Amino acid sequence: MIFCSKGSFTDRESGMNTYLSFYSRAAVVACLFSFSSAASAVVIAFDMVGSASQNLNAHTNTWAGAFSSASDGFEKYRRGVSGTIPGQLLDDTLSSSPADLLGIIDENNTDTFFGVTDTVNSNNTNPVSASWEFDITGSTNLSISIDMGAMGDFEASSDSFSWAYSIDGGPLTTLFESLVDEAISQNYALASGTMVSLNDPMTVGGVALSNQLQSFSSPLPGMGSDLTLVLTADTNGGSEAFAFQNLVIESSAPVPEPSTMALLGLGFACVRGFFVPCYLHPGSYPVLSLLS
Ligand SMILES: [Ca+2]
Ligand SMILES: [Ca+2]
Ligand SMILES: [Ca+2]
Ligand SMILES: [Ca+2]
């Protein structure tokens, strides 16, 4: 941010207090633009970040606990907290199971994640979905990032997931869509250092997923108050798994805080002074001094 010095307004003290000097006006304009350009991305909502959430109004998942087999799953899990977690989601090679050859969340990752495995099973044959509702009131220029991982020898015909969103009940728009690439293989490094190569990895946007979580980002066009995210998945093997963590919504144009609004309002008043030189209201001086 450009430093906005109170010294810019010393002409008020030196007797030339009727009009802003060119220097003062330039400084005020510089201050105004410094506030405009200060709008860098800020996190406005998240879930599964350090096992915490922010501005999450609801998480709905009718499939949590719905499968009779402990090795099938579509829900949030957390090591040391969840009763059982399907083993294909967990890389246990660091200590509990050095011979483990399949897993995404290793023993150092003790935070909440969303795990998906073998959703086509004796209890279900259709795609399954879960949703998140975040309060995004007043935020614009939204974007989302999600850490994603997958491990398994997938099939294009039977394994997929997608993330979609809607704002204030509008139509769902796809953000991320998986595609199994049956022409390539992927090397997976387990936490112990064991390497496993498997055919037909899951890809997103042309990037092959692995058991190391990777962050994927997308703009979220639109604005409103209620952002709904929907994860839909369909996968049919006991040696295939996806996992998601660190679901973060950002805004690159946050609504200014009240104190900033006051300064912005003052900036506009002073810009008017730039074009139509006007009397610098004495009352504005103490406010301006906050800038220094
Ligand atoms: Ca495992
Ligand atoms: Ca395959
Ligand atoms: Ca499959
Ligand atoms: Ca199963």
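Read the numbers this way: they start at 1 and go in the same order the structure lists the ligands and their atoms. On a predicted model such as this, the values are computed, not experimentally measured, just so you know.
Considering R79, Q245, R78 in turn, Q245 is the only one that fulfils the side-chain hydrogen bond (donor to acceptor under 3.5 Å, both in side chains) rule with N109. The residue from D111, L213, V49 that alone fulfils the side chain to side chain contact (heavy atoms under 4.5 Å, CB included) condition with N246 is V49. Partner of S225 under the side-chain hydrogen bond (donor to acceptor under 3.5 Å, both in side chains) criterion, out of D168, N57, T137: D168 alone.
In this structure, F244 has its ring center under 6.0 Å from that of W163.
In this structure, the separation between CG on N187 and OG on S197 is 4.5 Å, given to the nearest 0.5 Å. Between the CG atom of D234 and the CG atom of N126 there is a distance of 8.0 Å, given to the nearest 0.5 Å. Rounding to the nearest 0.5 angstrom, the gap separating the CG atom in L209 from the CZ atom in F154 is 8.0 Å.
Among the atoms of N236, an N, O or S atom is found under 3.0 Å from the Ca ion (ligand 3).
Looking at heavy atoms from C-beta onward, L220 lies out of side-chain contact with S143 at the 4.5 angstrom threshold.
The Ca ion (ligand 4) has D72 OD1, D118 OD2 as protein N, O or S atoms under 3.0 Å away.
Ring geometry for Y77 against F113 counts as tilted: the plane angle lies between 30° and 60°, on a 0 to 90° scale. The aromatic rings of F114 and H59 sit perpendicular to each other, their planes meeting at more than 60°, with 30° as the lower class boundary.
Taking the Ca ion (ligand 3) as reference, E240 places its N/O/S atom OE2 nearest.
Only protein atoms were considered; those of element N, O or S under 3.0 Å from the Ca ion (ligand 2) number 4.
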